[in-house]
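The structure appears below as structure tokens.
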Amino acid sequence: MLRTRGGLSVRILPRAVLVGLLLALAALAMGVVLIGTGDFTIPPGEVLRVLAGRGAAAHTFIVNELRLPRVLVALCVGVGLGLAGAVFQSVSRNPLGSPDILGFGQGSAAGALTVIVLFDGGTHAVAGGAIAGGLATGAAVYLLAWRRGSHGYRLVLVGIGAAAMLSAANGYLLTRADIVDATRATLWITGSLEGRGWAQAWPLLGVCAVLVPAVLVMGRPLRTLETGDDSACALGVRVERTRLLAVLTAVLLTAAATAAAGPIAFVALTAPQLARRLTRASGPNLLPSACMGALLLVTADWAAQNAFGADRLPVGVLTAVLGGGYLLWLLVAERRAGRL
């Protein structure tokens, strides 16, 4: 326990801190490898020299203008989804409580598809539509789950229903589109980092700079909420206020990540669970989950570019395949433990 002169106490878990640090270093190292990956391969040492401002001119252009923004988007999207998944799983007290399952990703996709199909919007309009769709879905799910409080199991049930309805709406929007818009929309909802540049990186970096610290400072109240509303209230936590703020920030992170890269599936579901198994600690494990999300996404993007020969997959396809297998394993494990 670390105490400051002002009386603020912070609980430090050495294993969780070490795991978070190692995951962050692994994500950054994988990011360097990813920057060097492509038709023109650049060794990691040369990538580091370019990032330090001492690289060759040709390498500097490739790294700074073509590949670095994509990797920054991947890292920020992974951080946002990992944090959002940790928050939703903590609030719902359910390992299935993630934006993928609760419909927030589908809501962001519905907003983006509406802009693409009905208004033929550009890049910024699509991003705005994704954020608006995610916020609207979050508000609807939270209000529909409210009955003298928004308890976890109701959030999950309402979210699953919302996800099904929004998936149907997205399918309908695709049938309304002409061939050009349908192709564009299909590529977007698959989830991809292809062509991502500074136009997507800078706004996402700004969102993460504001929201990530806001989520991290809620770690202690969220950990207390996991003991139950009555216990948390007795310990001085303003339960509904904390839950509302946590859900709002997590929805904003999910919407911003979806606006930048499309609905990347299952990162928000798997990152918190893997982080919890590594830290062996109770609570939301916010920082390790964020670092795990970043590591998962940059690794998946590297594999999508290199594991299938000349065929490069959108990263959303690979995360969906791997995440679907993980979800099946999680359901079996929860059933054997008697929680399903």
Side-chain angles (χ1 to χ4, degrees), residues 66 69-70 73-74 76-78 80-81 98-138 140-141 159-201 203-204 251 254-269 297 300-301 303-305 307-324 327:
L66 301 180
R70 172 177 176 149
V73 169
C76 289
V77 168
L81 293 177
S98 82
D100 310 296
I101 307 298
L102 301 183
F104 302 117
Q106 291 87 340
S108 295
L113 287 179
T114 300
V115 172
I116 293 173
V117 174
L118 301 183
F119 302 103
D120 195 26
T123 301
H124 296 295
V126 171
I131 293 175
L135 289 174
T137 303
V141 169
I160 290 174
M165 296 173 64
L166 288 167
S167 295
N170 292 341
Y172 172 72
L173 286 171
L174 286 176
T175 65
R176 288 282 309 273
D178 58 40
I179 186 64
V180 176
D181 286 341
T183 302
R184 179 185 172 200
T186 301
L187 289 174
W188 190 87
I189 64 174
T190 301
S192 175
L193 295 168
E194 193 68 32
R196 297 306 185 265
W198 289 111
Q200 291 79 32
L204 190 56
V251 168
T254 302
T258 305
I264 306 292
F266 288 109
V267 173
L269 176 70
L297 196 51
D301 193 34
Q305 292 187 52
F308 303 94
D311 297 325
R312 295 186 177 182
L313 294 179
V315 66
V317 173
L318 187 60
T319 60
V321 171
L322 298 177
L327 177 59

Residue pair [X] / [Y]: nearest heavy atoms and the distance that separates them:
| X | Y | value |
| --- | --- | --- |
| A182 | A177 | N-CB, 3.7 Å |
| V73 | A260 | CG1-CB, 4.3 Å |
| A163 | I101 | CB-O, 3.7 Å |
| G103 | L166 | O-CD1, 3.5 Å |
| A259 | I131 | CB-CG1, 4.1 Å |
| L318 | A304 | CD2-N, 3.7 Å |

Legend entry - Partner of T190 under side chain to side chain contact (heavy atoms under 4.5 Å, CB included), chosen from V315, I264, V317: V317
Inset, instruction - Can you run down the side chain to side chain donor-acceptor pair (under 3.5 Å) pairs that involve residues 161-174, sequence neighbours left out, and say none if there aren't any? - result: Y172-R176
Nearest-0.5 Å distance, [atom1] of residue [X] to [atom2] of residue [Y]:
| X | Y | atom1 | atom2 | value |
| --- | --- | --- | --- | --- |
| L173 | D181 | CG | CG | 11.5 Å |
| S108 | L113 | OG | CG | 11.0 Å |
| Q106 | T258 | CD | OG1 | 9.0 Å |
| D301 | L193 | CG | CG | 4.5 Å |
| I160 | M165 | CD1 | CE | 14.0 Å |
| T137 | L102 | OG1 | CG | 11.0 Å |

Are side-chain heavy atoms of [X] and [Y] found at a separation under 4.5 Å?
| X | Y | result |
| --- | --- | --- |
| L174 | I189 | yes |
| R70 | E194 | yes |
| V141 | F104 | yes |

Legend entry - Under 3.5 Å: donor-acceptor pair, side chain of T319, backbone of A265: yes
